[in-house]
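Computed from a predicted structure; not experimentally measured. No hydrogens, no waters, no symmetry mates; every other heavy atom, side chains included, goes into these values. In listed order, ligands and their atoms are each counted from 1.
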Amino acid sequence: MGEGDEELGFIELVFDELPADEMLSRARAFYEQMDARRTTRHFSNREVPRELIELAIKTASTAPSGAHLQPWTFVAISNPEVKAQIREAAEAEERKTYSERMPEAWAEVLRPLGTDAVKEHITDAPWVIILFRQSKRLRDNEEWSPTYYSQESCGIAAGLFIAAIHNMGLTTLTHTPSPMGFLREILGRSDHEHAMLLMPVGFPADEAKVPNLDRKSLENISKFFE
Ligand code: IYR
């Protein structure tokens, strides 16, 4: 029996029930903390210790995943030459996207956010993290086979990464230069890995700006059947 075929076995769940009032106060506090998160494109170049990035990646990797295959690789870059190379390639793609590839319906919803093909955040931020999604895995018998729900799994991991970064007092941006194939080449990843998100991480710039936007109300995002 190969390693992957072995049963994991089961252990007792560690679950510390909280008093009802503490459940509510924690739920409120966490909501308020997350509601204060904003996405800015304006980063300071102030350094951030590697240990914080490692902890954010470890937090992201607590995400549930299809068949527990953990189909993600986080590539963390602080090297200025590599960041510059990525910025140049991202801007080349984005210039084509903004000038030729973007349909008007898309441009219409992006305009209020003021984005363009200039990607200063890639070189300003002290760290750039690229989340690669693994669409395949190598079985013990050396055959390649699919991973399962890798989009969902990586999406959840990205959410946890963003929450971890916000919780530690830093900021990040979910940037999706499109198409993203150049990241596999620059970073030497293999064919079964697909760049999914580019996330600069750091402190916001002193004069960082964010769009003046609202979040949808609970009534507009939910429906309860009781
Ligand atoms: N990838 C481009 C365009 C872009 C697309 C969406 I959807 C955004 O919410 C923001 C930007 C870019 O990053 O500029």
Side-chain angles (χ1 to χ4, degrees), residues 34-45 48 53 56 60 72-80 82-133 135 150-166 170-187 189 193-205 207-217 220-221:
M34 293 310 297
D35 193 37
R37 187 201 62 78
R38 293 300 315 265
T39 299
T40 183
R41 296 194 158 230
H42 306 136
F43 285 80
S44 152
N45 60 9
V48 164
I53 304 301
W72 43 66
T73 308
F74 291 83
V75 178
I77 304 142
S78 64
N79 181 296
V82 179
K83 284 193 294 180
Q85 207 184 339
I86 291 174
R87 176 174 170 184
E88 198 180 318
E91 288 183 335
E93 289 294 0
E94 293 286 72
R95 275 194 295 273
K96 283 189 223 152
T97 296
Y98 279 89
S99 63
E100 301 161 23
R101 296 192 278 234
M102 192 178 283
E104 169 51 25
W106 189 1
E108 177 187 64
V109 285
L110 274 191
R111 233 172 269 129
L113 300 176
T115 60
D116 58 26
V118 181
K119 303 302 176 192
E120 280 157 343
H121 51 260
I122 301 177
T123 46
D124 287 348
W127 289 96
V128 170
I129 286 73
I130 320 282
L131 168 51
F132 283 89
R133 175 179 67 84
S135 57
S150 62
Q151 303 270 10
E152 291 83 348
S153 305
C154 288
I156 298 166
L160 292 178
F161 181 86
I162 293 163
I165 291 295
H166 178 64
L170 294 171
T171 189
T172 186
L173 155 72
T174 44
H175 173 40
T176 50
S178 167
M180 298 182 101
F182 67 89
L183 290 165
R184 184 193 287 133
E185 271 163 50
I186 293 176
L187 299 169
R189 306 309 305 174
E193 294 192 306
H194 312 270
M196 193 175 143
L197 285 173
L198 183 161
M199 294 176 285
V201 173
F203 291 93
E207 305 280 304
K209 299 274 184 297
V210 292
N212 185 14
L213 47 78
D214 292 324
R215 294 196 162 111
K216 288 182 177 176
S217 68
N220 281 318
I221 58 165

I'd like to check [X] versus [Y] (side-chain heavy atoms, cut-off strictly below 4.5 Å). Are they in contact?
X: R101; Y: E93; result: yes
X: I122; Y: H175; result: yes
X: R133; Y: Q151; result: yes

Fit a plane to each ring of F161 and F74, take the angle between them on a 0 to 90° scale, and name the class: parallel (under 30°), tilted (30 to 60°) or perpendicular (over 60°). parallel

Polar-atom distance check: K119 versus ligand 1, any N or O pair below 3.5 Å?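 K119 vs ligand 1: N/O contact under 3.5 Å present.
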
Of the non-hydrogen atoms in L198 and I86, which two are nearest, and what is the gap between them?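 Scanning both residues, the minimum pair turns out to be CD1-CG2, 3.9 Å.
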
Minimal non-hydrogen separation, M180 against A195, with atom names: SD-O, 3.3 Å

Specify side chain, backbone, both or neither for L110, according to which of its non-hydrogen atoms lie closer than 4.0 Å to ligand 1.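 For L110, only side-chain atoms sit under 4.0 Å from ligand 1.
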
For R41, which part has a heavy atom under 4.0 Å from ligand 1: side chain, backbone, both, or neither? side chain

Which of the atoms in ligand 1, numbered in the order shown and given with their element, are less than 4.0 Å from a heavy-atom of H175?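 Result: 12 (C), 13 (O).
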
Protein heavy atom at shortest distance from [atom]:
atom: atom 1 (N) of ligand 1; answer: T176 O, 2.8 Å
atom: atom 3 (C) of ligand 1; answer: Y98 OH, 3.3 Å
atom: atom 7 (I) of ligand 1; answer: W106 NE1, 3.5 Å
atom: atom 2 (C) of ligand 1; answer: E94 OE2, 2.8 Å

